[in-house]
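Quick caveat, the model's predicted, so the values are computed rather than measured. Only heavy atoms go into these numbers, but all of them, side chains included; no hydrogens, no water, no symmetry mates.
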Amino acid sequence: MARRKMGNKELERALANLSAAHNEAKKWRDKISVHSIAKYGYDPSDIDNDDFLDSCDGMCGVCNGMTADEFDKSMRDCLPE
């Protein structure tokens with residue numbers, strides 16, 4: 001990433017956009033958590049579902065997403081025996 005200073009207005013816009021994006025992501029993350037606990041008994045982070053965390057929750061930076069089938073498989077693969 002190139003080094004570049006922002007002016008106050010640009011920085012404030014970036015900070016506001018980051019906060020808004022996080023709040024929107026949290027809303028969807030909470031919906032997925034409720035679903036996961038209802039269906040599997042666990043939130044993805046409770047069972048270290050790294051496939052989900054890396055693909056959808058930003059743990060590795062840029063996210064590629066996953067299908068519902070991929071999510072289901074990733075949860076089942078991580079469930080305790």
Side-chain angles (χ1 to χ4, degrees):
M1 181 178 284
R3 293 183 184 185
R4 183 177 75 78
K5 286 174 46 174
M6 292 185 273
N8 282 350
K9 285 189 180 221
E10 186 179 7
L11 176 57
E12 287 173 5
R13 187 172 53 250
L15 293 167
N17 286 337
L18 177 60
S19 295
H22 172 76
N23 292 340
E24 184 70 10
K26 183 180 181 326
K27 176 181 81 175
W28 293 109
R29 180 66 174 82
D30 289 349
K31 288 180 80 80
I32 291 167
S33 179
V34 168
H35 164 79
S36 298
I37 292 168
K39 183 169 182 174
Y40 306 102
Y42 298 92
D43 179 87
S45 62
D46 292 339
I47 54 175
D48 295 326
N49 183 342
D50 290 336
D51 286 344
F52 166 76
L53 296 172
D54 293 346
S55 296
C56 297
D57 209 21
M59 296 301 170
C60 280
V62 176
C63 303
N64 335 358
M66 62 185 357
T67 66
D69 288 339
E70 290 168 336
F71 179 78
D72 180 66
K73 181 179 182 324
S74 71
M75 287 298 290
R76 292 182 188 283
D77 287 349
C78 292
L79 289 173
E81 307 230 352

- With a 4.5 Å limit on heavy-atom distance, are the side chains of P44 and R29 in contact? yes
- Query: If you look only at pairs with a residue in residues 35-54, which of them pass as a ring pair (Phe, Tyr, Trp, His ring centres under 6.0 Å), with sequence neighbours excluded?
  - Reply: F52-F71
- Nearest-0.5 Å distance, CG of residue N64 to CG of residue D54: 9.0 Å
- Taking all heavy atoms of N49 and all of C78, pick out the closest pair and write down the distance. CA-SG, 3.7 Å
- Query: In terms of side-chain geometry, is the basic nitrogen of K73 or D69 positioned less than 4.0 Å from the acidic oxygen of its partner?
  - Reply: no
- Item | Transitive ILVMFWY side-chain link V34 to L79, under 4.5 Å | no
- Message: For N8, is the CG atom crowded, meaning more than 12 foreign heavy atoms sit under 6.0 Å from it?
- Response: no
Per-pair distances, 0.1 Å, donor-acceptor, side chain in residues 17-24, under 3.5 Å, sequence neighbours excluded:
residue: N17; atom: ND2; partner: R13; partner atom: O; Å: 3.3
residue: S19; atom: OG; partner: L15; partner atom: O; Å: 3.1
residue: N23; atom: ND2; partner: S19; partner atom: O; Å: 3.3
residue: E24; atom: OE2; partner: K27; partner atom: NZ; Å: 3.2
residue: E24; atom: OE2; partner: W28; partner atom: NE1; Å: 2.9

- Query: Taking the side chain as C-beta and beyond, is there a heavy-atom pair between K5 and L11 under 4.5 Å?
  - Reply: no
- What distance do I47 atom CD1 and D77 atom CG have between them, rounded to the nearest 0.5 Å? 9.5 Å
- Message: Using every non-hydrogen atom in the two residues, find where D43 and S36 come nearest and quote the distance to one decimal.
- Response: CA-CB, 4.3 Å
- Note on the structure: Residues passing the side chain to side chain donor-acceptor pair (under 3.5 Å) test with K9, sequence neighbours excluded, are none
